[in-house]
Amino acid sequence: MKLPKIYEPGLYENDIYALWERAEAFKPSGKGDPYTIVMPPPNANGNLHIGHELTAALEDIAARYHRLKGDNTLLLPGADHAGFETQSVYEKHLAKEGKSRFDFSREELYRQIWDFVALNRDNFEMQMRRMGVSCDWSRFTFTLDDKIVKTAYHTFKKMWDEGRIYRGERLVNFCTFHGTAFADIEVVYKEEKSKLWYLKYPLTDGSGEIIVATTRPETMFGDTAVAVHPNDQTYAKYIGKTVKLPLTKREIPVIADDFVDPQFGTGAVKITPAHDQNDYDAGQRHDLPKITVIHTDGTLNDEVPEAYRGMPVLEARERVAKDLKEQGILEKTEDYAHNVGHCYKCNTVIQPLLREQWFVDMQPLARDAIKVLKADKIKFYPDAKKDQLVTYLEGLRDWNISRQIAWGIPIPAFQNVDDPDDWIYDERVGEELITIGDKTYHRDPDVFDTWFSSSSWPYATLGYPDSDDFKTFYPTGLMETGGEILYPWVSRMVMLGLYVTGDIPFKEVYIHGYVMAEDGSKMSKSVGNVVDPLPVIEQYGSDALRMGIISGRSPAVNRGYDTRKVEEARNFANKLWNVARFIEDIVGDEFSGKGSCKPQTAADHWMLRELQRTDELISSHLDEYRFSEAYDVLYHFVWDDFADWYIEASKSAPNKALLAYALENILKLAHPFAPFVTETIWQTLAWEGNSILAKASWPEKSRYDDGEADIFNEIKAIVMETRFITTALRVQGATLYYTNVSFLTDNAELITRLARLNAVTEVTDGTGLYLTSTKYRSWLDIDADTARGYQKQLGEKRDAQEQVIKRLEGRLANKSYVDNAPKKVVDETKQQLEDAKGQLEALTKEYERFGTE
RNA sequence: GGGUGAUUAGCUCAGUUGGCUAGAGCAUCUCGUUUACACCGAGAGGGUCGGGGGUUCGAGUCCCUCAUCACCCACCA
């Protein structure tokens with residue numbers, strides 16, 4: 001079969017993927033050691049972006065590599081319902097039609113979002129295929145699938161029974177726009193310019209006043225104390241007294257608490273337990289009442305004087321300040337910049353509000369997780385992420401797992417309609433009311449935080465607890481993910497994995513960096529600098545995008561998307577294509593098999609040695625997830641060693657069987673990095689019949705003779721020096737003379753061709769320009785006048801060589817170096833010195849032959 | 001305020017536990033249509049590895065310090 005000159009990926013990729021699927025190439029083989037990657041499920045609500053390409057590429061390279069190595073490899077795909085994320089996307093969609101979530105019941109909204117997501121799922125699966133992901137589609141899991149919900153319920157029940165879960169009124173981060181609470185980690189703090197208001201709170205007994213500084217005057221209606229530092233002399237006399245709250249005349253105590261900073265503001269602070277975390281904590285310590293004054297929609301409620309009711313927070317703030325000023329309560333205002341929490345999705349200011357929510361007691365879970373992390377049970381790439389995770393776990397607070405949205409897994413808890421403290425666990429979440437005996441229970445309308453259910457992902461997808469998959473593939477091998485979900489997800493998978501299964505969920509964690517825009521800035525839809533992978537795949541090919549995106553990338557380091565890398569990779573795919581074209585042409589269609597694959601020439605031995613070296617390097621890099629380094633090794637072996645030297649050399653003495661052998665092994669080594677083009681080529685190999693590269697096995701060890709391989713390095717040196725000289729002097733068609741070197745006799749034709757010479761001829765005594773890069777005696781027959789033009793280069797080379805010798809001699813003269821450095825290093829230095837001296841001698845002799853300037 | 005990472009060629013970045021004359025791709029310059037490939041081949045130029053100090057026989061690599069940048073965590077009213 002004759003291949004076209006240029007590899008056009010678009011002509012083959014879809015057929016190749018279909019071929020793999022038909023052959024069930026991505027199903028675990030059932031043989032070998034298990035190697036599992038449960039893919040982090042992308043959100044099912046939109047298009048995949050270039051970041052998904054990176055993550056898919058890394059996971060797929062690891063999976064294909066392990067599959068070829070003979071491991072029982074499972075790459076398990078999935079999609080995430082992404083609770084709040086998806087609902088807010090859908091709400092934007094509704095807004096375009098002039099609707100909002102309030103137009104529908106929760107059940108109706110859930111159904112609509114389900115359909116909306118279903119539409120996108122086909123799209124998403126198509127994109128994964130275009131990226132060449134070798135996942136087992138038959139095991140595809142959606143985060144709302146039964147087995148995931150069941151596992152979430154199982155976990156919730158277990159925690160419930162063991163008292164790891166409690167329902168409590170706590171301050172939660174509440175978005176008044178979205179109407180839901182968030183975890184701490186979902187709140188984004190931004191610096192905002194504001195004011196500090198100084199308010200006079202008069203003592204009830206008329207003995208004076210205390211001035212408090214606040215950024216939120218509107219919350220004063222919820223104040224239940226004024227706090228000062230216990231050692232602050234200014235206020236010592238007021239502690240235990242009460243002040244009268246302006247506007248409402250409510251009396252509140254003056255308390256002492258050492259969380260107050262005497263240096264800040266006036267050293268006195270108003271305490272609003274229902275609307276500030278620090279105040280809440282202080283309130284707990286002093287047993288203060290908690291008065292909520294802000295409604296979940298962000299307006300003031302009926303706890304405040306009538307004039308302010310229904311007013312949005314910001315408006316109320318201005319109004320309160322104005323009224324206080326008029327009444328002479330406002331001492332002064334100062335400009336002030338501070339950090340304010342915002343909704344990460346809509347940027348609304350987060351209100352700390354008191355809500356009844358389900359909380360998970362994190363202390364014991366975190367403690368167990370820290371234990372396994374510190375014992376290095378899970379290997380992290382890069383390693384530093386492990387310590388960061390430990391630090392995070394050490395400061396972990398209890399986890400609010402309730403969300404007030406429709407799109408999610410309903411919490412299987414019901415409340416006795418007659419007894420608010422009577423909660424029961426029940427999975428009949430399809431019903432709003434259930435009766436048990438003579439009691440009626442009302443379903444908790446909330447759903448789980450997405451991370452609660454997705455933290456069971458590694459074992460829930462495998463069918464915990466009884467399935468064969470779970471028994472075979474758990475704990476999984478690699479968890480490959482981005483740094484942004486190290487805390488919310490990776491940490492929780494470790495904790496819940498340990499808690500539920502008693503074992504770690506994965507043995508290795510690889511954290512990738514982000515793909516930034518080409519200018520290094522963050523990609524974002526609103527800026528419009530997001531790179532869509534599909535057009536890139538259309539233009540350059542899936543392999544090119546894959547290799548281009550992993551090339552030069554280190555774990556956990558953000559780097560810009562670089563078209564040049566993709567072009568480079570496209571060219572590399574084309575190089576592979578043309579290597580195959582050449583070899584298939586030489587080998588011919590009638591070639592029947594590897595047959596007697598014996599190295600004949602020095603080049604053959606050398607190539608096999610490089611191939612073997614490449615195999616070992618790629619393996620050791622990929623074993624440690626150094627994707628970029630592995631790709632780099634492959635690239636340079638194929639291009640520099642194999643194509644530029646071996647193929648060129650083989651034109652003098654083609655070894656058909658060996659060329660076929662080399663091509664086959666190159667395709668195997670390259671397959672994880674360029675699955676499409678390598679499989680496309682494989683399918684054209686007449687001698688391979690109907691086999692499939694994706695199901696093949698990693699190369700066997702190559703055998704070669706070191707001495708023969710060394711000879712080819714000698715040939716290379718002679719060729720390179722000859723090229724350098726003839727280019728510098730612009731001479732063509734020179735002859736290489738040599739005396740009594742058998743390998744030059746054997747390879748005369750080869751050297752003639754590679755170095756563009758007229759001939760390589762044995763003589764008894766040479767004339768012309770003596771070659772200095774080899775210890776074998778050889779000359780280029782360049783006439784003395786022309787050769788003189790080379791004197792300058794010779795001089796430079798001589799000077800450089802003298803420097804090298806000086807440095808090496810200095811090193812060896814240093815007694816502590818010889819004594820302390822490893823013997824291997826010292827021996828190397830000695831050998832280098834010897835070589836350098838030999839070269840210097842030749843250079844000097846040659847240089848002086850031209851006389852002094 | 002605390003933490004992490006980065007700073008290496010014109011650009012984007014490698015450089016695995018300290019050990020050859022610090023590398024790659026792209027860009028630049030000079031040649032070249034040699035029947036696998038111009039998405040090509042041959043050759044060349046280009047870096048005192050952010051500044052300073054230290055440890056060591058030896059530092060791009062380890063330590064201290066300064067500078068600049070990025071990100072993460074906490075959030076004092």
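Convention: sequence-line order gives letters A, B, ...; per-chain numbering from 1.
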Is there a donor-acceptor pair under 3.5 Å between the side chain of A/E331 and the backbone N or O of A/I211? no

So, A/H512 side chain and A/Y510 main chain: donor-acceptor pair closer than 3.5 Å or not? no

Considering only atom P, compute the distance from B/rC11 to B/rG1 and round it to an integer number of Å. 32 Å

Closest approach of A/V187 to A/G341 (non-hydrogen atoms, all atoms of both residues): CG1-CA, 3.7 Å

Please tell me whether A/Q831 and A/D835 have a donor and an acceptor in their side chains that are separated by less than 3.5 angstrom. yes

Taking only residues two or more places apart in sequence, or in another chain, which ones meet A/D261 in a side-chain hydrogen bond (donor to acceptor under 3.5 Å, both in side chains)? none

On the 0 to 90° scale, with breaks at 30° and 60°, tag the A/Y631-A/F572 ring pair as parallel, tilted or perpendicular. perpendicular

Pick base, sugar-phosphate or nothing for A/E568, based on heavy-atom distances below 4.0 Å to the nucleic acid. sugar-phosphate

Any residue of residues 792-806 of chain A with a heavy atom less than 4.0 Å from an atom of RNA chain B: none

Under 3.5 Å donor-acceptor, A/N578 side chain and A/K5 backbone: yes

Ring of A/Y625, cation from A/K379 - is the NZ or CZ under 6.0 Å from the centre and inside 45° of the axis? no

With nearest nucleotide decided by heavy atoms, which residue, A/D640 or A/M720, maps closer to the 5′ end of RNA chain B? A/D640

Output all residues satisfying salt bridge (charged side-chain N to carboxylate O under 4.0 Å, His left out) with A/K806, sequence neighbours left out; order by chain, then residue number. none

Extract from the structure each pairing of a protein N or O with an N or O of nucleotides 73-77 of chain B at less than 3.5 Å, listing the distance.
unit_1: B/rC75; atom_1: N3; unit_2: A/N339; atom_2: ND2; d: 2.9
unit_1: B/rC76; atom_1: OP1; unit_2: A/N278; atom_2: ND2; d: 3.0
unit_1: B/rC76; atom_1: O2; unit_2: A/D261; atom_2: OD2; d: 3.2
unit_1: B/rA77; atom_1: OP2; unit_2: A/Y336; atom_2: OH; d: 2.2
unit_1: B/rA77; atom_1: O3'; unit_2: A/T215; atom_2: OG1; d: 2.9
unit_1: B/rA77; atom_1: N6; unit_2: A/D261; atom_2: O; d: 2.8
unit_1: B/rA77; atom_1: N6; unit_2: A/F264; atom_2: O; d: 2.9
unit_1: B/rA77; atom_1: N1; unit_2: A/D261; atom_2: N; d: 3.2

B/rC63 versus B/rC26 - spacing of their P atoms, nearest Å: 35 Å

Span that lies between the P atom of B/rU33 and that of B/rG51, in whole angstrom: 46 Å

Expected output: side-chain A/D543 to main-chain A/V677 donor-acceptor under 3.5 Å: yes

Distances under 3.5 Å between protein N/O atoms and the N/O atoms of nucleotides 4-9 of chain B, please, pair by pair.
unit_1: B/rU4; atom_1: O2'; unit_2: A/Q388; atom_2: NE2; d: 3.1

On a whole-Å scale, what distance lies between the P atoms belonging to B/rC31 and B/rA36? 26 Å

Need one value for A/S554: base, sugar-phosphate or nothing, where a base atom within 4.0 Å counts as base even if backbone is also close, heavy atoms only. sugar-phosphate

Any donor and acceptor pair, going by atom type alone, linking the side chain of A/N558 with main-chain N or O of A/G513 inside 3.5 Å? no

Let me know the distance between CD of A/E394 and P of B/rG3, rounded to the nearest Å. 14 Å

Dot-bracket for RNA chain B: what is it, with Watson-Crick or G-U pairs under 3.5 Å, [ ] where a pair crosses earlier ones, and | for a pair to another strand? (((((((..((((.....[...)))).(((((.......))))).....(((((..]....))))))))))))....

Examine the base of B/rC11 for any acceptor or donor lying under 3.5 Å from a partner atom in the side chain of A/R564, and report the outcome as yes or no. yes

In B/S/- notation, 5' to 3', how is nucleotides 55-64 of chain B contacted by protein heavy atoms closer than 4.0 Å? --B-------

Please report the closest heavy-atom contact between A/A366 and A/L396, naming both atoms and the distance. CB-CD2, 4.4 Å

Between the side chains of A/R756 and A/T726, is a donor N or O closer than 3.5 angstrom to an acceptor N or O? no

Sequence-aligned protein contact record of nucleotides 31-42 of chain B, with B where the base is within under 4.0 Å of a protein heavy atom and S where only the sugar-phosphate is: ---B-BB-BSSS

Side chain to side chain donor-acceptor pair (under 3.5 Å) pairs touching residues 566-575 of chain A, sequence neighbours excluded, are A/Y540-A/E567

Excluding sequence neighbours, so at least two apart, what forms salt bridge (charged side-chain N to carboxylate O under 4.0 Å, His left out) with A/D376? A/K386

Taking every heavy atom of A/T678 against every heavy atom of A/L667, the minimum-distance pair comes out as CG2-O, 3.7 Å

From CD1 of A/I511 across to P of B/rC72 the rounded distance in Å is 14 Å

For A/S628 and for A/D632, find the nucleotide of RNA chain B with the closest heavy atom, then tell me which residue's nucleotide is more 5'. A/S628

List the atom of A/N758, the atom of A/G733, and the distance in Å for their closest heavy-atom pair. ND2-O, 3.0 Å

For A/Y381 and B/rU16, what is the distance between atoms OH and C1' respectively, to the nearest whole Å? 11 Å

ring-ring contact (aromatic ring centres under 6.0 Å, His included) with A/Y7: which residues, sequence neighbours excluded? A/Y12, A/W577

With sequence neighbours excluded, what pairs up with A/E518 under the side-chain hydrogen bond (donor to acceptor under 3.5 Å, both in side chains) test? A/T563

